[in-house]
Amino acid sequence: MSYAKVLCVGLVGVTGHLVEVEADLAAGLPAVVISGLPDTALHEARDRVRAAVVNSGQRWPNRRITLNLLPATLPKSGSAFDLAIAAALLGGSGELPLLPLEGVVILGELGLDGTVRPVRGVLPMVAAAAQAGIARVIVPVGNAAEAAVIPGVRVRAVDSLHRLVAFVRDGAPLIEPPEATSTPAVDGPDLVDVAGQQFGRRALEVAAAGGHHVALLGPPGAGKTMLAERLPSILPELDDEAALEVTALHSVAGLLPPGGQLLRRPPFQAPHHTASVPSLVGGGSGLARPGAVSLAHRGVLFLDEAPEFSKGALEALRQPLEDGRIRLTRSGGGTVYPARTQLVLAANPCPCAQPAGDARCECSPLVRRRYLGRLSGPLLDRIDVQVQLMPVRAAELLASDGGIESSATVAARVAAARQAAATRWAGLGRRLNAEVEGPHLRRPPWRLPAGVTAELRGRLDSGSLSARGFDRVIRMAWTIADLDGRDRPDLNDVREALQLRTGETT
């Protein structure tokens, strides 16, 4: 037999596609040709596979070998095809009867000694195989726990090409994936550590309940970073669908922690202010990899010292904040990554970071305006909650923490508010108030009475509030009503939402 075919999976972004790996061995000068839009890593597979086959005690066929990856129009990247290529090549040369591998997806990178090494993106690959009707997969032993997360798929693992050959020829058993173990809860930062800042705590609770973006402005030591770092502690755990999305993104990026369990805690990304545009939104040669805004999907993206970020990096966030996804186009093709994250910005009032009116501040009003002006109007217009934090007083800092609510207490209210919103918007396919499109809020049955929105309409007509800002205040009003256990916002809810939006006292 001079032809053989096995199954593998290729990734385009975070989406997997079933790939057929064909091997044809023909008479002619010995050579290996790979077709099907392979990248550089895949072109180098011929050298890795040859060394692995020989060092595993198998005979390398001295013939003209053509390897084709179908569909040929789909870009292929990475080293996950190595094991499938080796199996197809040995099957085509007659060394292996491939009947035991029929309908089986094979994933894995080969070392020169024949060992099978783990690869990135196994979880979305196995998920794609399951969607295509594949019930059995063979993965590297280092990815077995990760692959076993996908229901309805029988996962087996190999640690070497020799073990795969023994399974196909002699029926030797493959390695079973490890038993799933519950990941112990990790204690993180707690809101009980934050002294004072009742307005900031309320803003954080509203943001968590509705999925709203936040800007925290104030002098150093006011608690901006402490509040931002504690936002994940009051967010509910991810459900199965969201956990699968988040875990798949971290798998593609190679950031999945050991154990291969689904990530249940909302992710928290805090890139340094020197971060480049590709590191924030995604990039790289060939097909772009996810950036911080996608790795924070269903979690929090925190930009500390936000005015110090480059203008290009900040402006690049505008589109994903609005759409909840980002499309990256590179020379190797286009990729779409989910990016439904909560953005938290923190900024000092001026370069010297002294409170306004402090005698130590030497910044002129023009310098202060220019500094905060680095956060453009269109970007800030997408930030629902904009809070000005005041310096913490000694009485607040030294007070006993008996009356300070913990993250667990606030998280319970947030979970109840989110459940109310999810029930209300289920017919629209939305789960959070921040996700509901403006037209739905402005039409019956969700349109608020004219007396409730009179001030908002006046600000809209005067130009002090944009149409986007109008909708975002209405969304926050719904969130405030959910937190207080009411089925519709009233005038006080709208006023509080407007105060959170503008920082003005009403």
Side-chain angles (χ1 to χ4, degrees), residues 3-25 31-53 64-92 98 101 103-111 116-134 137-140 143 146-147 161 164 248-249 251-254 282-290 327-337:
Y3 173 84
K5 177 178 67 176
V6 298
L7 297 178
C8 193
V9 176
L11 281 180
V12 178
V14 77
T15 305
H17 301 271
L18 204 62
V19 173
E20 296 180 357
V21 180
E22 298 181 307
D24 179 77
L25 283 69
V32 178
V33 177
I34 302 179
S35 62
L37 292 183
D39 69 348
T40 302
L42 199 45
H43 267 301
E44 295 171 348
R46 53 191 173 194
D47 299 317
R48 291 193 301 272
V49 171
R50 178 187 177 94
V53 167
R64 179 175 178 81
I65 302 170
T66 302
L67 300 169
N68 187 39
L69 310 177
L70 295 175
T73 56
L74 183 75
K76 321 295 189 311
S77 60
S79 56
F81 296 91
D82 288 5
L83 192 57
I85 288 174
L89 190 146
L90 291 174
L98 292 184
L101 297 181
V104 179
V105 161
I106 304 174
L107 304 169
E109 175 185 327
L110 285 173
V116 179
R117 303 178 182 275
V119 295
R120 294 179 175 183
V122 162
L123 189 144
M125 289 179 183
V126 176
Q131 287 184 336
I134 302 298
V137 298
I138 296 175
V139 301
N143 296 121
E146 175 185 349
L161 178 59
L164 180 65
L249 282 164
S251 176
V252 169
S285 59
L287 289 173
R289 293 201 174 276
R327 180 172 183 83
L328 303 170
T329 304
R330 298 294 185 270
S331 59
T335 311
V336 177
Y337 288 113

Please say which of Leu98, Val105, Ile138, Leu83 ends up in a side chain to side chain contact (heavy atoms under 4.5 Å, CB included) with Val6. Leu98
Among Arg46, Arg48, Arg50, exactly one meets salt bridge (Lys or Arg N to Asp or Glu O under 4.0 Å) together with Asp82. Which residue is that? Arg48
Within this structure, what is the CZ-CG distance for the pair Arg289 and Leu328, rounded to the nearest 0.5 Å? 12.5 Å
Walk me through whether Val119 and Ser79 qualify under side chain to side chain contact (heavy atoms under 4.5 Å, CB included). CA-CA 7 Å; Val119 295; Ser79 56; 4.1 Å; yes
Quick check: does any side chain N or O of Arg117 sit under 3.5 Å from a backbone N or O of Pro140, one acting as donor and the other as acceptor? no
Tell me the closest heavy-atom pair linking Pro124 and Ser251, and the distance in Å. CD-OG, 3.9 Å
Apply side-chain contact (heavy atoms from CB on, under 4.5 Å) to Ala51 and list each qualifying residue two or more places apart in sequence or on a separate chain. Asn55, Leu112
Which heavy atom of Gly121 sits nearest to which heavy atom of Glu146, and what is that distance? C-OE2, 4.4 Å
For a quick test of reading the model, state the closest non-hydrogen atom pair linking Val19 to Phe81 and the distance between them. CG1-CE2, 3.9 Å
Could you give me the CA-CA distance, side-chain angles and deciding distance for Leu107 and Val137, then say whether side chain to side chain contact (heavy atoms under 4.5 Å, CB included) is met? CA-CA 8 Å; Leu107 304 169; Val137 298; 5.7 Å; no
If you look at every heavy atom in Ala132 and Leu18, which pair is closest and at what distance? CB-CD2, 4.1 Å
Only one of Ile106, Leu42, Leu110 clears side chain to side chain contact (heavy atoms under 4.5 Å, CB included) with Ile85; which? Leu42
Between Arg64 and Val33, is a side chain to side chain contact (heavy atoms under 4.5 Å, CB included) present by the stated rule, with each step listed? CA-CA 8 Å; Arg64 179 175 178 81; Val33 177; 3.8 Å; yes
Please report the interatomic distance CZ(Arg120) to CD(Glu109), rounded to the nearest 0.5 Å. 11.0 Å
Report yes or no: does Lys76 contribute a side-chain atom to a donor-acceptor pair with the main-chain N or O of Leu69 at less than 3.5 Å? yes
